[in-house]
Amino acid sequence: QVQLVESGGGLVQAGGSLRLSCAASGRTFINYNVGWFRQAPGKEREFVAAISRTGRSTTYADSVKGRFTISRDNAKNTAYLQMNSLKPEDTAIYYCAADAAVQISRDPLRYNYWGQGTQVTVSS
């Protein structure tokens, strides 16, 4: 089992930046793909970005492509989500998740382990 803890959320003005961190403990971090998801009030949880075990493969939702960057440091057991050019519609609780499958996925049902989430609020 792997435990995940997100941090780095907060309140930022539109156009600003935040970097979220996802610290993992428990099982070997490199055995897991990592995904970031978000959930806004009254909406379903949606995919944001995912990264493979080694970091060689990444995928992004169209809504964040070119603005967000997912990365990981396996030596530190941590994944990151750099968010630039933030928009009010990016406001949500952001969750990181871990998946032991072979290929990275955009499907939240594929992810077995989840953090508690961190709030990101973007003001206009």
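Counting from 1, the numbers follow the sequence of the chain as shown. What you see is a predicted model, and the numbers here were worked out from it, not measured in a lab.
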Tell me, do [X] and [Y] make a side-chain contact under 4.5 Å, heavy atoms counted?
{"X": "Ile104", "Y": "Ile51", "result": "no"}
{"X": "Trp36", "Y": "Leu20", "result": "yes"}
{"X": "Val120", "Y": "Met83", "result": "yes"}
{"X": "Tyr113", "Y": "Gln1", "result": "yes"}
{"X": "Gln13", "Y": "Val122", "result": "no"}
{"X": "Cys96", "Y": "Gln116", "result": "no"}
{"X": "Leu4", "Y": "Trp114", "result": "no"}
{"X": "Phe68", "Y": "Leu81", "result": "yes"}

Would you name the heavy atoms of [X] and [Y] that are closest together and state the gap between them?
{"X": "Leu18", "Y": "Gly8", "answer": "CD2-O, 3.8 Å"}
{"X": "Leu11", "Y": "Ser123", "answer": "CD1-CB, 4.4 Å"}
{"X": "Ser21", "Y": "Thr78", "answer": "CB-CG2, 4.2 Å"}
{"X": "Val64", "Y": "Arg38", "answer": "CG1-NH1, 4.0 Å"}
{"X": "Ala14", "Y": "Ser124", "answer": "CB-CA, 4.4 Å"}

Worksheet entry | Sole candidate of Arg106, Lys65, Gln103 that passes side chain to side chain donor-acceptor pair (under 3.5 Å) when paired with Thr59 |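 Testing each of Arg106, Lys65, Gln103 against Thr59, the sole residue satisfying side chain to side chain donor-acceptor pair (under 3.5 Å) is Arg106.
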Item to complete: Give a yes-or-no answer on whether the side chains of Asn84 and Ser17 include a donor-acceptor pair shorter than 3.5 Å.
Response: yes
Worksheet item: Do the side-chain N and O atoms of Arg19 and Tyr80 include a donor-acceptor pair separated by under 3.5 angstrom?
Response: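 Arg19 vs Tyr80: no donor-acceptor pair found between side chains.
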Worksheet item: Mind checking whether Tyr95 and Phe37 have ring centres under 6.0 Å apart?
Response: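 No, they do not, as the ring centres are separated by 6.0 Å or more.
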Worksheet item: Just wondering, are more than 12 heavy atoms of other shown residues or ligands nearer than 6.0 Å to CD in Gln119?
Response: yes
Check whether [X] reaches the backbone of [Y] with its side chain - one donor and one acceptor, N or O, closer than 3.5 Å.
{"X": "Thr118", "Y": "Gly9", "answer": "yes"}
{"X": "Glu6", "Y": "Cys22", "answer": "no"}
{"X": "Asn33", "Y": "Ala101", "answer": "yes"}
{"X": "Ser52", "Y": "Ser57", "answer": "yes"}

Discussion item. Side chain to side chain contact (heavy atoms under 4.5 Å, CB included) for Arg53 and Phe29? Distances and angles first, verdict last.
Written reply: CA-CA 8 Å; Arg53 292 176 177 84; Phe29 186 55; over 6 Å; no
Discussion item. Applying side chain to side chain contact (heavy atoms under 4.5 Å, CB included) to Phe47 and Ser105, what does each step give before you reach the verdict?
Written reply: CA-CA 9 Å; Phe47 169 77; Ser105 173; over 6 Å; no
Worksheet entry | Distance, nearest 0.5 Å, that separates OG1 of Thr28 from OH of Tyr32 | 8.0 Å
Item to complete: Carefully, step by step, assess Tyr60 and Ile70 under the rule side chain to side chain contact (heavy atoms under 4.5 Å, CB included).
Response: CA-CA 9 Å; Tyr60 296 89; Ile70 189 171; 3.4 Å; yes
Worksheet item: Where do Asp90 and Arg67 land on the side chain to side chain contact (heavy atoms under 4.5 Å, CB included) test, with the steps shown first?
Response: CA-CA 11 Å; Asp90 294 318; Arg67 299 188 298 123; 2.7 Å; yes
